[in-house]
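Note sheet for the following structure.
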There are 2 protein chains.
Amino acid sequence: MRVTIADVARNAAVSKTTVSRVLNGKGEVDAETADRVRAVIAKLGYVPSSRAVGLARGSNRTLAMLVPSLTWPWVGEVLQGVADTVEAAGYGLLLFTCNRGEDSMAQFTSQVSARAFDGVLVIEPENTLRSMAALHRQGLPLVMVDDRGQRPDFPSVATTNAEGAAAAAAHLLDSGRRAPLIITGPRHFGCVQDRLTGFVGVLRERGVAQPAARVAAGDFTVRCGQTVIERALTEGIPFDSVFAHNDLSATGALHALRAAGRRVPDDVAVIGFDDIPIAAYTEPPLTTVRQPMRAMGEAAARRMIEHLGGVTPLQAAPTVLPTEFVIRSSAPG
Amino acid sequence: MRVTIADVARNAAVSKTTVSRVLNGKGEVDAETADRVRAVIAKLGYVPSSRAVGLARGSNRTLAMLVPSLTWPWVGEVLQGVADTVEAAGYGLLLFTCNRGEDSMAQFTSQVSARAFDGVLVIEPENTLRSMAALHRQGLPLVMVDDRGQRPDFPSVATTNAEGAAAAAAHLLDSGRRAPLIITGPRHFGCVQDRLTGFVGVLRERGVAQPAARVAAGDFTVRCGQTVIERALTEGIPFDSVFAHNDLSATGALHALRAAGRRVPDDVAVIGFDDIPIAAYTEPPLTTVRQPMRAMGEAAARRMIEHLGGVTPLQAAPTVLPTEFVIRSSAPG
DNA sequence: CTGAAAGCGCTTACAG
DNA sequence: CTGAAAGCGCTTACAG
């Protein structure tokens, strides 16, 4: 059968208490006794049952990560940052996605009640901010990787959306563009508002107007990027550049422009947002506002782990990591 | 404090045993008693502690998923299929990546000993087949999503690599190409051998030779696709088409061809493998051999869950899901 | 149909 | 420095 702490105790001729002490390094144990116990542990290949430890301690060094979907490049990058940090700290990572909507959330909430994990890192699934906040109020340690610019009143990690968009605007103006077409993300996202404000703000400062006709509502998909460009072309809306609120829609824009015979960047310059891995390999490679996705995941995990370690109380103030402007051929300098 | 089964029992004026019975639907319970217990459970908002249940039952309805990296599109798709299936079955999903090499594997193995999960689904991290096999022999329920064509002697889910590659070859020949350049994946992967055999087999059948000079070793990265094409062009190796062993390297090939002024598909037709989401948005869109990634993840999860449910013994025979040939403009019909 | 008691495998006061 | 015992919150024979 399975080797238990009792087996180790018996073999080492000590009590389970002593074994537990050398296991956890708590309390004084005679050096020789400890060595003997360690030898037995090695010989028997003993590993404490995580279930038993969890029950006894009331915590199991496990974090949950809740994400809307796993097939978005952005999410994969953040998740990798989280996984690296969590694993390095010796924590487990329980993954939850929300593909089944209400059902999924109910299941997740019930796992919270079941105390299946010590804390949760979340990339907010659509319309769950309220339930997240509720869970947080009920005492669940929570850190949000805020891709929506929600500025929730619980801990979060975000990026400088307005500044990043401002850099994009300045770059376009500096290279002589005067009529950018903006493809936004979903309008109710805070990050979309921020990117809009940051971008248009620079234009206004420099005396360039941004008519509403050149601000098109997208939804962060490749498809929407195509559609917006096709429509603008059909309607004859004049534009000499595109600022898409993410790289996926920028990719769609590149496609539609090419299909319509517009050259990038000669006729139209294109800038995206995120710098997902494929951004360097679109045709032409995409100038974009890099979000430090990996680092955001790492920061979220680190805050949570430090909190659980008792070092740092979890404060609501967001950790804001800076964007970085990446120039490639779709909008050269 | 936390509501426990004892609280429910007291409030419903029954024993913990009875509460447990209505919770798990095992054993006969008087209908009225059961209703009363359920009412109390609802009123108190009681949810059983997963830690306690796990310890008592010796299993916690949790699966582990071990992956090499989370930032490859292929992995994201498979993982989504796994997550959907696992969640729908009410299981938890513990995620492990292997970014820290040996250390990671040691940690994973120790989690196995700790009985932190009931079974594991794995996309094999480099060079771990041996340890996986060992864990499986020691009784760990294991299903591998076999992207390497390893044909291990434990349960796995794979795809028809040879047939898929054969379809690609037939398509190129049918459209008049006679000199394909092959960009392989790592040579020691079984899937690479299979794709090579399947592809070259069709060529041979139709009397077309495939000289070694037109078989270049790649490593599944975008970069390798670029490098191979650049080198072939420099060395003056003649080719009228490219068969890349995955979409990422095909993307690199498209890039290098364009940079060199070769038109796709007019001068060179390009076919990839996988059909990751961006394949439809490369320039031009990529003709490719689709792997049913989502379905592979789902199948792996389903086999594991059925096994754990006691329905099906886990057999070594691989589940093989068919590839599908997807024609887009990089190699039209 | 129902309950008392043992057991799952640890940790942690408490006592010495 | 060390150990006996209680406790974590469930499930499961066993007995009635």
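By convention in this document, chain letters (A, B, ...) are assigned in the order of the sequence lines, proteins followed by strands, and residues within each chain are numbered from 1. Computation of the quantities below employed the complete heavy-atom set of this structure, encompassing side-chain atoms and omitting hydrogens, waters and symmetry-equivalent molecules.
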Does a donor on one side chain sit under 3.5 Å from an acceptor on the other, for B/Thr319 and B/Arg303?
-> yes
To the nearest Å, give me how far apart CG (A/Asp30) and P (D/dC1) are.
-> 7 Å
Looking at C/dC10, C/dC8, D/dG3, which one has an atom nearest to any side-chain atom of B/Ala56?
-> C/dC8
From CZ of A/Arg10 across to C1' of C/dG9 the rounded distance in Å is 13 Å
Which heavy-atom pair separates B/Leu55 from A/Arg51 by the least distance, and what is that distance?
-> N-CD, 3.7 Å
Would you mind classifying the nucleic acid contact of A/Arg21 as base, sugar-phosphate or nothing, using non-hydrogen atoms under 4.0 angstrom?
-> base
Would you kindly give the CG-to-P distance between B/Asn60 and D/dC8, to the nearest whole Å?
-> 21 Å
Measure distances between side-chain N and O atoms of A/Thr17 and base N and O atoms of C/dT12, and say whether any donor-acceptor pair falls under 3.5 Å.
-> yes
Mind calculating the distance between CD1 (A/Ile5) and P (C/dT12) to the nearest angstrom?
-> 11 Å
Residue-phosphate contact under 4.0 Å: A/Lys26 side-chain N/O, C/dT11 OP1/OP2 = no
Take atom CG of A/Leu23 and atom P of C/dT12, then tell me their distance rounded to the nearest Å.
-> 12 Å
Who pairs with B/Arg57 by side chain to side chain donor-acceptor pair (under 3.5 Å), at least two apart in sequence or on another chain?
-> B/Asn24
Check whether any side-chain N or O of B/Arg51 sits under 4.0 Å from OP1 or OP2 of D/dG9, and answer yes or no.
-> no
Exercise: identify the closest heavy-atom pair between B/Phe96 and B/Ala64 = CE1-CB, 3.8 Å
Given DNA chain C, 5'-ward residue of the pair B/Leu55 and B/Thr33, judged by closest heavy atom | B/Thr33
Closest heavy-atom pair, A/Asn60 versus A/Gly54, reported as atoms and distance to 0.1 Å, is CB-CA, 4.2 Å
Interatomic distance, A/Arg115 CZ vs D/dG9 C1' [rounded to whole Å] | 12 Å
Classify the nucleic acid contact of B/Lys16 as base, sugar-phosphate or nothing, counting any heavy atom under 4.0 Å across all strands shown.
-> base
Starting at the 5' end of DNA chain C, which residue's closest nucleotide do you reach first, B/Ala34 or A/Val53?
-> B/Ala34
Between D/dC8 atom C1' and B/Asp7 atom CG, what is the distance in whole Å?
-> 14 Å
For the ring pair A/Phe108 and A/Phe117, is the centre-to-centre distance below 6.0 Å?
-> yes
Scanning both residues in full, the closest heavy-atom pair of A/Gln291 with A/Thr159 reads OE1-CG2, 3.3 Å
Protein-nucleotide distance (B/Arg57, atom CZ; C/dG9, atom P), rounded to Å | 16 Å
Between C/dG3 and B/Ser15, is there an OP1 or OP2 to side-chain N/O distance shorter than 4.0 Å?
-> yes
Scan B/Ser20 against the nucleic acid and name what it touches under 4.0 Å (heavy atoms): base, sugar-phosphate only, or nothing.
-> base
Residues B/Asp84 and B/Gln80: side-chain donor-acceptor under 3.5 angstrom = yes
Under the 3.5 Å Watson-Crick or G-U criterion, the dot-bracket string of DNA chain C, with | for inter-strand pairs | |||.||||||||.|||
